[in-house]
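Just so we're clear, the structure is a prediction, and the values are computed from it rather than from any experiment. Here, residue 1 is the first one in the sequence, and each next residue gets the next number.
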Amino acid sequence: MRPDTPAENVDHTAEAARLERTAGLYPEDAEALLLRAAAHLELSGDRPTASTLYDRLLSSTADLDNPHLVRALKASNLWEYGHEAEARAIIEGVRSASPQDPAPWVIVAEALESHDELEAAHETYTEAVHRLLTDVAEPPYATHPLLFGRHRVRRMLGESHDEWDALADTVHSLPITLDELHDPKRVWSLGSENPAELEAEILRLRAELGAYREALSRPFPVAILHWPATELTELLEAYPSLSTEYPTHETHLATIESALRELASSGTPNLGIVTGTVPSYEAFAASELSSPSDATLLPQYATTLAARGRAVAWPPQQGAACWCGSGQPYGQCHGSDA
């Protein structure tokens, strides 16, 4: 499915089946592809089949990139078709695991919120922001939904603003304030017979919808291919002709950083890095009926990985680890002379 395909024109069942087939062809990307397939099944109303995909991932012998996210999505889906007790148990498990990724926190908190468990949702949002944002100078973009969700629930509970609400106001960029967007009385204006009130609410809803679209509509990034040291060694041993592209691993890393900075300085938006593996690259070359030694396949391989959702945004958030895998903060590694 093209990223610009209108939602009403999507055959969610067919798209889920296509993604499942693709996952079979590219097992290294199965997690991302099956999660997308499950989302299409949920949208189609086939929630039990979506749960089987979550179970398939969780029972897999392969290590998952984000098992807590899979469990959170499974819990949210189960609750929607009557399995409340199991969903609650999974949610408690996710909270106890205290993941570093904000996405599982957002999913379980929103599940609680959508079922009017406002106190529990508030506790979950608060636990997450304390866990992920304490002593963080600038909240990463991925944590913004935690701040906004907490603000929204606190408004519904009638709580007064605190320091986290003030931080949510700071990172909020829409012309309509969070207090107005999250005003519990807004729902009453939808039933008003006053044209002015209805028009004002339509403007608010458009602004809110714009925020959701901005968050969800991420075009494929312009991605640069990165080979970890062990993978690059294996690649060059198998295909020595590619050594002209990659003289040394250090040169390879420096070339990635300089290329991304050049693209950024030229105004190219939405830059990213994809990490290659030799088996994945060989499978891609086979699908293109070409040899892995053909250097012209490398940028095509990078684009394909990005299209499968494998890209990591560049530059990393302030304080985040460097993209190269050194374990050092980006600002002390490849971003030190930025």
Requested in this report: Could you check Y239 against S291 for side-chain hydrogen bond (donor to acceptor under 3.5 Å, both in side chains), going step by step and ending with a plain yes or no?
Outcome: CA-CA 9 Å; Y239 311 104; S291 167; over 6 Å; no
Query - Linked, directly or transitively: V106 and V171 (ILVMFWY side chains, under 4.5 Å) - result: yes
Report task. Quick one: closest heavy-atom pair of A223 and V274, and the distance? Result -> CB-CG1, 3.9 Å
Query raised in the report: With ring centroids as reference points, do Y125 and H122 lie under 6.0 angstrom apart?
Result: no
Query raised in the report: In terms of hydrophobic clustering (I, L, V, M, F, W, Y; side-chain heavy atoms under 4.5 Å; direct or indirect links), are F148 and L133 co-clustered?
Result: yes
Report task. Indicate the ring-plane relationship of H12 and H40, choosing parallel, tilted or perpendicular according to the 30° and 60° boundaries. Result -> tilted
Query - hydrophobic_cluster_shared for V129 and L178, side chain cutoff 4.5 Å - result: yes
Query raised in the report: Do any N or O atoms from the side chain of E80 and from the backbone of R47 form a donor-acceptor pair under 3.5 angstrom?
Result: no
Requested in this report: Using atom types as modelled and distance alone, determine if a side-chain donor or acceptor of T304 lies under 3.5 Å from a backbone N or O of Q300.
Outcome: yes
Requested in this report: May I ask you to say whether D162 pairs ionically with R150, meaning some side-chain N is under 4.0 Å from a carboxylate O?
Outcome: yes
Report summary line: Shortest non-hydrogen pair, L236 vs S243, comes out as CD2-N, 3.6 Å
Query - Donor-acceptor pair, side chain of S76 and main chain of A72, under 3.5 angstrom - result: no
**Report entry** CG-NZ distance between L58 and K74, expressed to the nearest 0.5 angstrom
**Finding:** 6.0 Å
Query raised in the report: Can the ring centroids of H161 and H151 be said to lie less than 6.0 angstrom from one another?
Result: yes
**Report entry** Pair S280-L305, side chain to side chain contact (heavy atoms under 4.5 Å, CB included): steps then yes or no
**Finding:** CA-CA 9 Å; S280 168; L305 291 178; 4.1 Å; yes
Report task. To the nearest 0.5 angstrom, please state how far the CD atom of E119 sits from the CG atom of L157. Result -> 5.0 Å
Query raised in the report: Could you walk me through whether W164 and H130 pass the ring-ring contact (aromatic ring centres under 6.0 Å, His included) check?
Result: CA-CA 9 Å; W164 294 115; H130 277 286; 5.4 Å; yes
Query raised in the report: Which atoms form the tightest heavy-atom contact between H334 and A254, and what is the distance?
Result: NE2-N, 4.5 Å
Query raised in the report: Would you call D29 and R36 a salt bridge, taking side-chain N to carboxylate O under 4.0 Å as the test?
Result: no
**Report entry** N/O donor-acceptor pair under 3.5 Å between H249 side chain and A229 backbone
**Finding:** yes
Query raised in the report: How are the rings of Y281 and F284 set relative to one another: parallel (under 30°), tilted (30 to 60°) or perpendicular (over 60°)?
Result: parallel
Query raised in the report: Under a single-linkage definition using a 4.5 Å side-chain heavy-atom cutoff for Ile, Leu, Val, Met, Phe, Trp and Tyr, are L43 and I107 assigned to the same hydrophobic cluster?
Result: no
Query raised in the report: Are E92 and R88 within salt-bridge range, i.e. N to O under 4.0 Å?
Result: no
Query raised in the report: Can you hop from W314 to I224 via hydrophobic side chains spaced under 4.5 Å?
Result: yes
Query raised in the report: Which atom pair, heavy atoms only, marks the closest approach of A109 to T124?
Result: CB-CG2, 3.8 Å
**Report entry** CG on D179 to CG on D165, rounded to 0.5 Å
**Finding:** 8.0 Å
Requested in this report: Apply salt bridge (charged side-chain N to carboxylate O under 4.0 Å, His left out) to the pair R18 and D11, showing each step before the final yes or no.
Outcome: CA-CA 11 Å; R18 185 190 68 81; D11 183 338; over 6 Å; no
Requested in this report: Would you name the heavy atoms of L235 and V278 that are closest together and state the gap between them?
Outcome: N-CG2, 3.7 Å
Report task. Before giving the answer on side-chain hydrogen bond (donor to acceptor under 3.5 Å, both in side chains), spell out for W323 and E257 the whole-Å C-alpha distance, their side-chain angles and the decisive distance to 0.1 Å. Result -> CA-CA 10 Å; W323 55 264; E257 182 71 22; 2.8 Å; yes
Query - Interatomic distance, I90 atom CD1 to W79 atom CH2 [nearest 0.5 angstrom] - result: 11.5 Å
Report task. Examine W105 together with H68 and report whether their ring centres are nearer than 6.0 Å. Result -> no
Query raised in the report: Shortest non-hydrogen contact from L132 to D101?
Result: CD1-C, 4.3 Å
Query raised in the report: Quick one: CD on Q332 to SG on C322, what's the gap to the nearest 0.5 Å?
Result: 10.5 Å
Query - Intermediate values then yes/no, side-chain hydrogen bond (donor to acceptor under 3.5 Å, both in side chains), T296 and D294 - result: CA-CA 6 Å; T296 63; D294 182 359; 2.7 Å; yes
Query raised in the report: For E123, does its backbone N or O pair with a side-chain atom of T126 as donor and acceptor, under 3.5 Å?
Result: no
Report task. Nearest 0.5 Å please: distance from the CG atom of L41 over to the CD atom of E20. Result -> 6.5 Å
